[in-house]
There are 2 protein chains.
Amino acid sequence: MRRAHHPATEELSLPEVMAALSDPLRIGLVRALADGAERGWGELWAPVAKSTLSHHLRVLRDAGVTRTRQEGTRCFVTLRRQDLDERFPGLVGALLEAAGAEDVNGGVHLAPGSDSTAACR
Amino acid sequence: MRRAHHPATEELSLPEVMAALSDPLRIGLVRALADGAERGWGELWAPVAKSTLSHHLRVLRDAGVTRTRQEGTRCFVTLRRQDLDERFPGLVGALLEAAGAEDVNGGVHLAPGSDSTAACR
DNA sequence: TTCGTTGTTCGTCGAATATCGAACAAGCTA
DNA sequence: TAGCTTGTTCGATATTCGACGAACAACGAA
């Protein structure tokens, strides 16, 4: 498990962020993180192999959309909402609203028994 | 020159629109159309072969971002701002603002002598 | 130390994308 | 009719992307 790279706020690239947010599964992941709560890997369920999920989370991280924190063998992920809003005001909000209206989620959902108050027990 | 396909407003797909807007050159094209004016092909200059430009304009059209009108051998293109705002409120505005702040244009610019008042002479 | 859990990385595959030049089609214009 | 202009389409090629399973690395627990 190598040290993950997180671009600084001023390094965020608009095309890269747009590309990261153009996949239904990744939109679903962002929606799952939209409430601002930190989520453990295990809470995020998606209909793909774990290596594929790891790939998508890496794309989001590399684009600066999410931040990953490591704790032992576990990883926790949060949406970098504030950084994104600073560089691209309104973009994430508009995306989340549109994705909610159309129910775009790529098959992603939170694991049973997880809610924003029970995260990271 | 075959009849171009334009998806209806209710057929617009969020991931597809996001993907169409994730390329710097296409962002540049959208910016060139942002004032709502109809532009002729010849007014849009980009640092790629004409077949490549045709491809990018097709991607935008197929995603429902732009509308193409044909007149003789010429084509004119407009941004479907109203349709996009109806389905994805605020998305295009946030993109244009961010792209303007970062000057993302993919090398696209309007041909010399073109401005919003002189279009389509 | 030996497992088991967790997430990353690697190799591979097929599909999609970006790009170019060349050929083509459709409509003006001379 | 014969060019000219304009934009699309066609191959061809190189790259990227999404997906998978397998192997690996790091850490906690038994």
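As a basis for the values below, the full set of heavy atoms in this structure was taken, side chains included, without hydrogen atoms, waters or symmetry mates. Letters A, B, ... mirror the listed sequences (proteins, then strands); counts begin at 1.
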Could you state the atom-to-atom distance from [atom1] of [X] to [atom2] of [N] in whole Å?
X	N	atom1	atom2	answer
B:Asp23	D:dT16	CG	P	13 Å
B:Leu44	D:dT6	CG	C1'	14 Å
A:Leu21	D:dC17	CG	P	14 Å
A:Gln70	C:dT6	CD	P	14 Å
B:Glu71	C:dA26	CD	P	18 Å
B:Arg69	D:dG7	CZ	C1'	15 Å
B:Phe76	D:dT8	CZ	P	13 Å
B:His5	D:dT8	NE2	C1'	17 Å

Problem - pair A:Leu44-A:Val77: side-chain heavy atoms closer than 4.5 Å - result: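 The answer is yes, as the side chains (C-beta and beyond) meet within the 4.5 Å cut-off.
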Practice task
Check A:Phe88 against B:Ala98 and note the closest heavy-atom contact, atom names and distance.
Solution key: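 Closest approach of A:Phe88 to B:Ala98: CD2-CB, 3.5 Å.
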Handout entry: Verdict with reasoning, B:Arg67 to B:His6, per side chain to side chain donor-acceptor pair (under 3.5 Å)
Key = CA-CA 7 Å; B:Arg67 187 182 303 282; B:His6 292 90; 5.0 Å; no
Practice task
Would you mind telling me which residue lines up with the more 5' stretch of DNA chain D, A:Ala19 or B:Arg61, judged by nearest nucleotide?
Solution key: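 The residue closer to the strand's 5' end, by nearest nucleotide, is B:Arg61.
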Using only side-chain N and O atoms of [X], determine if any of them is under 4.0 Å from OP1 or OP2 of [N].
X	N	value
A:Trp41	C:dT8	yes
B:Arg26	C:dA18	yes
A:Arg74	D:dG28	no
A:Arg58	C:dG7	no

Exercise for the section: Check A:Leu96, A:Val104, A:Leu25, A:Val108 against A:Val30 for a side chain to side chain contact (heavy atoms under 4.5 Å, CB included) and give me the one that passes. Expected result: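 That would be A:Leu96.
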Problem - Ionic contact status for B:Glu10 with B:Arg87, cut-off 4.0 Å - result: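 Between B:Glu10 and B:Arg87 there is no salt bridge, as every charged N stays at least 4.0 Å from the carboxylate O atoms.
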Exercise for the section: Before accepting this row, confirm whether a basic side-chain N of the pair A:Arg31/A:Asp35 lies closer than 4.0 Å to the acidic partner's carboxylate O. Expected result: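 No, this pair does not count.
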Exercise for the section: Answer yes or no: does atom CZ of B:Arg81 have more than 12 heavy-atom neighbours from other residues, nucleotides or ligands under 6.0 Å? Expected result: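 More than 12 within 6.0 Å, yes.
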Practice task
Please list, by residue number, the residues of residues 46-57 of chain A whose heavy atoms come closer than 4.0 Å to an atom of DNA chain C; answer none if no residue qualifies.
Solution key: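 When residues 46-57 of chain A is checked for heavy atoms under 4.0 Å from DNA chain C, the hits, listed by number, are A:Lys50, A:Ser51, A:Ser54.
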